[in-house]
Amino acid sequence: MTLRSRFTLFTVFWLIFILILYNIFVYFFVIRVTTRGEEQLLMNKADLVIESLRKRGMQGFDDPKLLSDLYNYNEMMRIVTSDLRIVNQIGTDKELLSIPPQMQVYNLSETQQINGQRVLYLSMPFFDQGKLVGTVEAARRLTVLDSYLQILVGALSVTSIGAIVFAIFGTYWFTSRLTGPIGQMVQTMREIDRSGKLYRVKLNGREESVELQQMVRAFNQMIDRLDRTIESQKHFVADASHELKTPLTVISSYADMLKRWGRDNAEVRDEAIEAIAKETERLQNLIRSMLTLAEAEQDNWLNVTRFDVNGVVRELSEVLGKTFKRNIRVHSDNHSVFMRGDKEKIRQLLLILIDNAIKYSKEPIDVRIRNQKNGIKLEVTDYGIGIPENEIPNMFQRFYRIDEARHRSTGGSGLGLSIAKKIIDVHEGNVEVYSKPGNGTTISIQLPRKI
Ligand code: ATP
Ligand code: MG
């Protein structure tokens with residue numbers, strides 16, 4: 001069942017239910033109010049008769065003038081004595097006159113059905129010195145009232161049917177407008193599925209409902225994001241192919257050289273072997289970095305444990321210092337600084353930063369660990385070539401190198417910092433770069449104590 005028919009059915013069903021209740025209430029309320037008016041009228045007349053009798057000293061019950069002054073054509077009035085004898089009576093309606101007389105010590109009023117028509121009957125006793133003498137009885141046809149009631153029923157039916165018809169069309173129209181954008185979105189999704197291209201849903205401005213606007217906007221945002229992701233993926237593939245091509249070209253040229261002259265010329269042979277080894281290493285590093293970035297997209301990339309950051313930094317600095325014959329100084333206020341995170345990834349992050357510091361400077365390198373209130377701060381400072389300010393926002397992008405010449409001599413792939421950024425992001429940390437060309441660079445990382 002479509003949302004539209006569901007909505008319409010639901011609304012109409014409720015409306016019918018409410019209308020039925022409302023109509024029943026109005027009908028009985030009107031009957032009650034009007035009948036009470038008629039009853040009051042009859043009671044007043046009976047009161048007047050009893051009043052007159054009292055004035056006469058309870059004499060002359062059979063005087064026709066007693067009743068004729070008060071009589072109305074659609075009524076019957078009579079005086080009944082305590083022995084149930086009708087002593088005085090006025091009226092032309094046989095059916096009203098044939099109502100049997102009653103005797104009781106309290107006022108009685110009721111509506112009776114005579115031949116399918118409603119009749120109001122009233123019996124009012126009167127007393128002389130505390131003794132029941134008789135009753136004044138009156139009956140009145142409610143024909144006029146009933147015809148009004150018929151008009152009321154007619155009017156209620158017409159307005160109810162009108163309301164239902166109006167509700168059906170109104171809800172149908174309203175839900176069409178409401179579900180319009182949904183239909184549009186479904187169509188767009190089908191179009192995307194069919195063509196493989198990303199389309200956005202157009203808002204034609206007349207959609208007032210905030211939720212639908214939000215939905216369309218969220219959909220478009222999602223498409224934008226997908227678009228960006230696909231676009232960056234494309235770039236990545238293009239960049240990666242380019243990066244892979246260069247070392248492969250170098251290797252294949254040297255291999256050719258080896259084939260032609262390598263057998264006789266030892267110098268050529270050594271140069272070729274040296275170059276092939278270097279480029280192969282570069283390729284290996286590049287592929288390793290690319291694999292790391294690919295793995296980083298997976299959900300279970302992190303292996304979280306509790307570990308001592310100080311220990312990791314000290315061990316790494318010692319190894320790198322020895323390998324590259326550089327002075328790497330570690331500064332920490334505490335003996336050990338514990339955090340929850342992926343130890344290997346944090347080690348890799350530090351390796352990337354210290355590796356850069358080694359590559360882009362000649363002076364000693366400082367690594368600081370600060371145990372702060374809201375987390376742990378890691379700082380790697382070098383006193384090397386520095387980074388121009390306008391390059392800082394770009395340096396975390398994949399394959400980004402500040403200048404090509406620098407890259408060829410140092411052999412970097414430009415993926416190091418994008419891996420570092422990924423590691424910081426998954427640890428919900430922040431990174432800041434302070435650098436001055438010629439003076440050096442500090443990369444400062446803020447990590448929460450646990451993730
Ligand atoms: P890789 O680390 O993948 O081997 P890379 O070092 O060139 O290659 P990144 O680590 O991502 O790549 O760094 C990007 C660029 O930012 C570098 O090429 C370099 O130009 C610049 N850069 C990074 N760290 C420093 C630093 N400490 N001093 C000066 N320049 C830096
Ligand atoms: Mg690097």
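Every value quoted in this text rests on a predicted model; they were computed, and no experiment measured them. Every number for a ligand or one of its atoms is a count from 1 in the order of the listing.
- Contacts with ligand 1 closer than 4.0 Å are made by side-chain heavy atoms of Lys359 only, the backbone lying farther away.
- Among the atoms of Ser413, some N or O lies under 3.5 angstrom from an N or O of ligand 1.
- In Phe396, neither the side chain nor the backbone holds a heavy atom less than 4.0 Å from any atom of ligand 1.
- Inclusion of Ile352 in the set of residues having an N or O under 3.5 Å from an N or O of ligand 1 is not warranted.
- Looking at Thr441 against ligand 1, only its side chain comes within 4.0 Å, counting heavy atoms.
- Ring pair Phe10/Trp14 is perpendicular by interplanar angle, where above 60° counts as perpendicular and below 30° as parallel.
- Here Asp239 does not pair with Arg398 in a salt bridge; the nearest charged N to carboxylate O distance is not below 4.0 Å.
- Under a 4.0 Å heavy-atom criterion, Gly384 is not in contact with ligand 1.
- Residue contacts to the Mg ion (ligand 2): Ser413 brings no N, O or S atom closer than 2.8 Å.
- Between Lys422 and Glu297 there is a salt bridge, with a side-chain nitrogen of the basic residue lying less than 4.0 Å from a carboxylate oxygen of the acidic one.
- Both the sub-6.0 Å distance and the 45° axial angle are not jointly satisfied by Arg200 relative to the ring of Phe219.
- Between Ile443 and ligand 1, not a single N/O pair is under 3.5 Å apart.
- Backbone and side-chain nitrogen or oxygen atoms of Ala357 are examined, and none is located within less than 3.5 angstrom of a nitrogen or oxygen of ligand 1.
- Classification of Glu243 and Arg401 as a salt-bridged pair holds, one side-chain N sitting under 4.0 Å from a carboxylate O.
- Glu318 has a carboxylate O that lies under 4.0 Å from a charged side-chain N of Lys322, or vice versa, which qualifies the two as a salt bridge.
- Looking at Ile387 against ligand 1, only its side chain comes within 4.0 Å, counting heavy atoms.
- The closest approach between Ser289 and ligand 1 stays at or above 4.0 Å for every heavy atom of the residue.
- Using a 4.0 Å cut-off between charged side-chain N and carboxylate O, Arg326 and Asp382 make no salt bridge.
- Ion pairing between Glu39 and Arg36 fails under the 4.0 Å rule for side-chain N and carboxylate O.
- Ion pair Arg228/Asp224 not flagged as a salt bridge, since none of the NZ, NE, NH1 or NH2 atoms sits closer than 4.0 Å to an Asp/Glu carboxylate oxygen.
- Only the side chain of Asp382 comes within 4.0 Å of ligand 1, counting heavy atoms alone; its backbone N, CA, C and O stay farther away.
- Close contacts of ligand 1 with Arg401, meaning ligand atoms under 4.0 Å from a residue heavy atom, involve 7 (O), 18 (O).
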